[in-house]
Amino acid sequence: MVLFLLIRSLIDLQCLVCILGLKCETDIDECSSLPCYNNGICKDRVGEFICECPSGYTGQLCEENINECSSSPCSNKGTCVDGLAGYHCTCVKGYMGKMFPFFLVVIEFCLHCETEVNECQSGPCLNNAVCEDQLGGFLCKCPPGFLGSRCEINMDECFSQPCKNGATCKDGANSFSTSAGREIPNV
Ligand SMILES: [Ca+2]
Ligand SMILES: [Ca+2]
Ligand SMILES: [Ca+2]
């Protein structure tokens, strides 16, 4: 106990000497106050400290979140959203990131809105209509006798009651047939 108090007194005396600027042999740990933000690693130096910042942060105290959007990485008017050590792009309608096969699945990598979506790929047009890919949509060019945004409406060629003398009209694809079984194209 006596030894402990003696040692304690010597340490206190050393601190007092140091505070008075008489003798400063002990390097102060400038990291003891944990000055680095965002899990930056503090390295104690003589009379100073440095912060080693984790990925995505910068600044003397790692206080600054690096703006990964500063290089404007998103194409075709996509909006860049800054994150931690990264970013992502929000694409305008009609665009998406590049698709790459990854093992057996296709994953959207490098989402920079660089690829224009082919809205015809799903085959939205019906009745042998030709699909024309557009920006953010598609246009169906209907064959004769069909209507609608997807050419889904088969026009009724019997509407004008072309069959006479009691014959029954049967609507077809751009044509009609009579009850006699003869198919007559619409002209
Ligand atoms: Ca960032
Ligand atoms: Ca398109
Ligand atoms: Ca028809």
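In listed order, ligands and their atoms are each counted from 1. Model, not experiment: these values are computed from the prediction. Residue numbers run from 1 in the order of the sequence given.
Between Glu157 and Asn174 the shortest side-chain heavy-atom distance falls below 4.5 Å. Within the 4.5 Å cutoff, no side-chain heavy atoms of Val130 are placed close to those of Glu132. At least one side-chain heavy atom of Leu84 sits less than 4.5 Å from a side-chain heavy atom of Tyr57.
In terms of distance to the Ca ion (ligand 3), the nearest N, O or S atom of Asp171 is named OD1. Among the heteroatoms counted here (N, O or S) of Glu116, OE2 is the one nearest to the Ca ion (ligand 2). Closest N/O/S atom of Glu119 to the Ca ion (ligand 2): OE1. Considering just the N/O/S atoms of Glu68, the one nearest the Ca ion (ligand 1) carries the name OE1. The atom of Asp133 that is an N, O or S and sits closest to the Ca ion (ligand 2) is OD1.
With Cys91, the cysteine Cys113 has an SG gap short of 2.5 Å. Here the two cysteines Cys51 and Cys42 have their SG atoms 2.5 angstrom or farther apart. For the two cysteine residues Cys62 and Cys53, the thiol sulfurs sit under 2.5 Å apart. The sulfur atoms (SG) of Cys163 and Cys158 lie 2.5 Å or more from each other.
Between the CZ atom in Arg45 and the CD1 atom in Ile50 there is a gap of 4.0 Å [rounded to 0.5 Å].
Rounded to the nearest 10 degrees, the angle OD2 (Asp82) to the Ca ion (ligand 1) to O (Gly83) equals 90°. With the Ca ion (ligand 3) at the apex, Glu157 OE1 and Asn154 OD1 define an angle of roughly 150° (rounded to 10 degrees).
Under a 3.5 Å cut-off, the side chain of Gln121 and the backbone N or O of Glu119 do not form any donor-acceptor pair.
At least one N/O/S atom of Asn65, whether from backbone or side chain, sits less than 3.0 Å from the Ca ion (ligand 1). With 3.0 Å as the limit, Met155 counts as an N, O or S neighbour of the Ca ion (ligand 3). Residue Gly56 does not count as close to the Ca ion (ligand 1), with no N, O or S atom under 3.0 Å. Residue contact annotation: Asn118 places no N/O/S atom under 3.0 Å from the Ca ion (ligand 2). Here Val117 reaches the Ca ion (ligand 2): one of its N/O/S atoms is less than 3.0 Å from the metal. Among the atoms of Asp156, no N, O or S atom falls under 3.0 Å of the Ca ion (ligand 3). At least one N, O or S atom of Ile66 sits under 3.0 Å from the Ca ion (ligand 1). The nearest N, O or S atom of Gly172 is closer to the Ca ion (ligand 3) than 3.0 Å.
Each of Cys120, Cys140, Cys125 was evaluated against Cys131; a single residue qualifies, Cys120, per the disulfide bond (SG atoms under 2.5 Å apart) test.
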